[in-house]
Amino acid sequence: MAFCDNLQYLRKLGKITQEELAEKLGVSRQSVSKWETGEAYPETEKIIALCRMFGVSMDELMLGDVSVCGGKASGASSENISSQTEDSSCKTSDAQELEEQTSEKKQEDDILFVTREEAEKIENFSDLPERVRKVAKWKLVRHAINSALFACAMISFFCLGAISNLWNPAWLLFPLCISLCVFTDKLFSCKKDGTFAPLGKRILKAFSSSVWLLAVTAYLFIGIVYSLWHPGWVIFIACVFISPLLETVIGLIYIKKDKS
């Protein structure tokens, strides 16, 4: 039997109409009709769906004779097909629910997140929740400080280059500026409710985050200015111990305080 004959046989055996089969596969009734008359063939994914739906292999559906294949084909009742469709719908529903939960989690992690009820009451900045205003304020402070640092680095670079012809070591101001920006970002970062962690904890966190950038800047400086490239690499060995040491100090001191 050809594919068209096998498909027609299985559909009638399952006691479903062309319209019902087309709906389950997401195609038009005309497409199913063309498949059964041999005028067209379905896509590979549709063939796989038909094999799963009717409980036959692809070889049996495309090249074999399903009328003599035994129990597999005869078990393809309309109830089984409907059950498979319902299972697929359940999986789609579960995926949508998981996606919604992930979206909600991302919103909760956003420190500037505003609920729908809060958003309906907002007309200007003063209407924002206090926690959001505090967070936005300190984000602006961090951006202002970082902009000022880059402006100072740029001005100093051109002054040192134009006046003293120190273009070569002067460019080290830029990696130093990046290190200071990372430091200030951590130093002035606040929690989701707009409050700050203890100053000591923020300083340790800030230094721990910028220690590697500071090490690179220091290594380049002593290498370019004093030609101490060989012993200078010891700075990075020191950073390997300094960074985790700071994290350990933060954990030992402040996590215990939070618990108490």
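Given the structure is predicted, the values throughout are model-derived calculations rather than measurements. All residue numbers in this chain count up from 1 along the given sequence.
Partner of Y219 under the ring-ring contact (aromatic ring centres under 6.0 Å, His included) criterion, chosen from W233, W229, Y226: W229. When each of K12, Q8, Q18 is tested with E36 by the rule side-chain hydrogen bond (donor to acceptor under 3.5 Å, both in side chains), just one qualifies, namely Q18. Applying the side chain to side chain contact (heavy atoms under 4.5 Å, CB included) test between R11 and each of I16, L50, N6 identifies I16 as the sole match.
Taken to the nearest 0.5 Å, the CD1 atom of I237 stands 11.0 Å off from the CD1 atom of I235. Note that CE of M53 is 9.5 Å distant from NZ of K46, once rounded to the nearest 0.5 Å. With rounding to the nearest 0.5 angstrom, the CG atom of N165 is 11.5 Å from the CD1 atom of I163. Note that CD1 of I145 and CG of L140 are 11.0 Å apart. Values are rounded to the nearest 0.5 Å. From S156, atom OG reaches atom CG of L166 across 12.0 Å, with rounding to the nearest 0.5 Å. In this structure, I242 CD1 and W212 CH2 are separated by 9.0 Å, a value rounded to the nearest 0.5 Å.
Residues L173 and L160 have side chains in contact (heavy-atom distance under 4.5 Å, counting atoms from C-beta outward). Residues W35 and Y41 form no side-chain contact, since every pair of their non-hydrogen atoms from C-beta on lies 4.5 Å or further apart. Between F158 and W167, some side-chain heavy-atom pair lies under the 4.5 Å cut-off. In this structure the side chain of V216 never reaches within 4.5 angstrom of the side chain of F221, judged on heavy atoms. Between L172 and F157, the closest side-chain pair of non-hydrogen atoms is not below 4.5 Å.
The number of heavy atoms from other shown groups lying within 6.0 Å of CD (Q30) is above 12.
There is a path of hydrophobic side-chain contacts, each under 4.5 Å, that joins F236 to L176. Residues L7 and L13 share a hydrophobic cluster, clusters being chains of Ile/Leu/Val/Met/Phe/Trp/Tyr side chains in contact below 4.5 Å. When the side chains of ILVMFWY residues are joined at heavy-atom separations under 4.5 Å, either directly or via intervening members, V141 and V182 end up in two distinct hydrophobic clusters.
In this structure a side-chain-to-backbone donor-acceptor pair under 3.5 Å is present from S147 to H143. With hydrogens and angles ignored, the 3.5 Å screen pairs no side-chain donor or acceptor of S31 with any backbone N or O of V27. Remark: the backbone N or O of L213 is paired with a side-chain donor or acceptor of T217 at under 3.5 angstrom. Side chain of T184 to backbone of C181: a donor-acceptor contact under 3.5 angstrom is found.
Pairing each heavy atom of C4 with each of G38, the nearest pair is CB-N, 3.8 Å. The two residues P244 and C239 come nearest to each other via the heavy atoms CD-O, 4.1 Å. Looking at every heavy atom in both residues, A206 comes nearest to K186 through CA-CB, 3.5 Å.
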(request) Could you walk me through whether F174 and M154 pass side chain to side chain contact (heavy atoms under 4.5 Å, CB included), step by step? (result) CA-CA 8 Å; F174 296 108; M154 186 68 70; 4.2 Å; yes
(request) Let me see the working for L10 and L61 under side chain to side chain contact (heavy atoms under 4.5 Å, CB included), right down to the final yes or no. (result) CA-CA 9 Å; L10 291 171; L61 180 62; 3.9 Å; yes
(request) I would like to know whether L187 and F207 meet side chain to side chain contact (heavy atoms under 4.5 Å, CB included); could you show each step before the answer? (result) CA-CA 9 Å; L187 185 63; F207 188 72; over 6 Å; no
(request) Let me see the working for L149 and F183 under side chain to side chain contact (heavy atoms under 4.5 Å, CB included), right down to the final yes or no. (result) CA-CA 12 Å; L149 287 172; F183 185 89; over 6 Å; no
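Between F188 and W138, the ring planes are parallel. Angles under 30° get that label, and only those over 60° would be called perpendicular.
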